[in-house]
Amino acid sequence: MVWILRAGLERVFATVHSGRTAVSAFQAAGDRPSGADTRCRNGQPYGVGLLTHVRTPDTPHAVYRGTHPTQDLADPEERSWLCVDVDSVLLACTTHLAATGYRVALAQCRHLLDTILPTIRGRAGYAPMVLGGDLNLRDGGDPDVRSCTPPGHQRIDDGGVQHIVATIDVTLCCRRSVAMRGATDHPGLLAALSIDGSRPGRPPT
């Protein structure tokens, strides 16, 4: 089912972005009791996914994925993260942080933004970064999501727990909520972004 859904989303994405090649990636959340993947009600793996597009099928892209080292031991679901480096033009990432322990979610957020993503960018070379996901932290909450937003980054949210964090060389605008019609427990968060094309060798995106 996961692969069928990914194939369907890729087709839709390719239709919207005609002339480009869609790229998808998925990272299952771990299940601590079994040591396998967390499963949906239909038995398919549950986790986080990304869709992006590249200029041609030969355009370089790399996938990075993993499980957060800090987990809420009261929750059998082991939270994960996922990134796609698109031709060194953009590092696109997503995650779903702990929902049962907000201090754990804060630790996961800080480790992802302060350690994991800088490590990827240190190895692969600098690229503007965008992270979108359900961080299970709020602006003004306790703990406050702003405490895990590093210097040189910006953030927008849906007024709840969904956030988009980006480096300052990405322009974020035009956010709005998208009704999911019961497919999940909250609406989607949609935002438009653009990347400064003045960097040498980098076209506008």
Side-chain angles (χ1 to χ4, degrees), residues 6 9-10 13-14 16-30 47-70 78-97 105-135 137 145-157 162-175 189-205:
R6 282 178 61 182
L9 289 173
E10 281 190 26
F13 208 64
V16 172
H17 301 281
S18 60
R20 311 275 289 194
T21 299
V23 175
S24 69
F26 176 79
Q27 172 63 24
V48 293
L50 271 173
L51 274 170
T52 185
H53 57 83
V54 295
R55 289 189 294 275
T56 69
D58 297 328
T59 301
H61 62 275
V63 177
Y64 303 90
R65 52 168 62 92
T67 301
H68 292 287
T70 301
E78 296 182 321
R79 305 293 171 134
S80 58
W81 58 270
L82 175 68
C83 293
V84 177
D85 183 335
V86 185
D87 195 20
S88 298
V89 173
L90 175 69
L91 182 65
C93 301
T94 189
T95 191
H96 184 196
L97 301 185
L106 180 63
Q108 291 172 341
C109 183
R110 285 176 170 167
H111 188 261
L112 179 61
L113 285 164
D114 292 343
T115 302
I116 295 174
L117 301 189
T119 298
I120 292 172
R121 293 158 75 198
R123 293 173 180 171
Y126 179 84
M129 185 280 299
V130 175
L131 167 70
D134 182 346
L135 303 187
L137 296 166
V145 69
R146 291 174 293 184
S147 67
C148 75
T149 305
H153 291 67
Q154 57 188 313
R155 182 189 54 81
I156 61 173
D157 60 59
Q162 295 186 108
H163 303 266
I164 298 173
V165 180
T167 48
I168 57 175
D169 45 5
V170 176
T171 300
L172 292 171
C173 78
C174 316
R175 65 182 174 184
L189 173 59
L190 176 66
L193 67 87
S194 60
I195 299 172
D196 181 6
S198 64
R199 295 172 60 231
R202 297 297 178 223
T205 301

| request: Give a yes or no answer on whether the side chain of Arg79 reaches the backbone of Thr95 with a donor-acceptor pair at less than 3.5 Å. | output: no
| query | To the nearest 0.5 Å, what is the distance between CZ (Arg175) and CG (Leu190)? | reply | 12.0 Å
| field | Expected output: side-chain Gln27 to main-chain Gly47 donor-acceptor under 3.5 Å | value | no
| remark: For Arg65 and Phe26, the nearest pair of non-hydrogen atoms, with its separation, is NH2-O, 3.1 Å
| request: For Ile168, check side-chain contact (heavy atoms from CB on, under 4.5 Å) against everything at least two apart and list the hits. | output: none
| field | Asp157: salt bridge (charged side-chain N to carboxylate O under 4.0 Å, His left out) partners, not counting sequence neighbours | value | Arg155
| request: Go through the structure and list residues passing side-chain contact (heavy atoms from CB on, under 4.5 Å) with Ser18, not counting sequence neighbours. | output: none
| note | Taken in chain and number order and not counting sequence neighbours, the residues that satisfy side-chain contact (heavy atoms from CB on, under 4.5 Å) with Pro150 are Leu113, Asp114, His153
| Is it true that a side-chain atom of Ser24 and a backbone atom of Leu51 form a donor plus acceptor pair closer than 3.5 Å? | no
| field | Exercise: identify the closest heavy-atom pair between Pro118 and Leu112 | value | CD-O, 4.1 Å
| message | What I want to check is whether the side chains of Asp169 and Thr167 have a donor and an acceptor closer together than 3.5 Å. | response | yes
| message | Please check: side-chain N/O of Thr52 versus main-chain N/O of Val23, any donor-acceptor pairing under 3.5 Å? | response | no
| request: Check whether any side-chain heavy atom of Trp81 sits under 4.5 Å from a side-chain heavy atom of His68, and report yes or no. | output: yes
| query | Going from CD on Gln108 to OG on Ser80, what distance comes out if it is rounded to the nearest 0.5 angstrom? | reply | 9.5 Å
| note | Sorted by chain and residue number, the salt bridge (charged side-chain N to carboxylate O under 4.0 Å, His left out) partners of Arg110 (sequence neighbours excluded) come out as none
| Got a second to check how far Leu97's CG is from Leu135's CG, nearest 0.5 Å? | 5.0 Å
| query | Are the side chain of Gln154 and the backbone N or O of Val170 linked by a donor-acceptor pair below 3.5 Å? | reply | yes
| request: Dump the intermediate steps for side chain to side chain contact (heavy atoms under 4.5 Å, CB included) on Leu90 and Val130, then the final yes or no. | output: CA-CA 8 Å; Leu90 175 69; Val130 175; 3.9 Å; yes
| said: Keeping His163 on the side-chain end and Leu137 on the backbone end, is there a donor-acceptor pair under 3.5 Å? | reply: yes
| task | List in chain and number order the residues that pass side-chain contact (heavy atoms from CB on, under 4.5 Å) with His111, two or more places apart in sequence or in another chain; answer none if no residue qualifies. | result | Pro69, Thr115, Ile116
| request: Decide yes or no for Ile120 and Asp85: does some side-chain heavy atom of the first lie under 4.5 Å from some side-chain heavy atom of the second? | output: no
| request: For residues Ala25 and Val63, report the shortest heavy-atom separation together with the two atoms involved. | output: CB-CG1, 4.0 Å
| field | Cys93 SG to Ile164 CD1 distance, which is reported to the nearest 0.5 Å | value | 13.0 Å
| Non-hydrogen atoms of Ala127 and Ser88 that approach each other most closely | CB-O, 3.4 Å
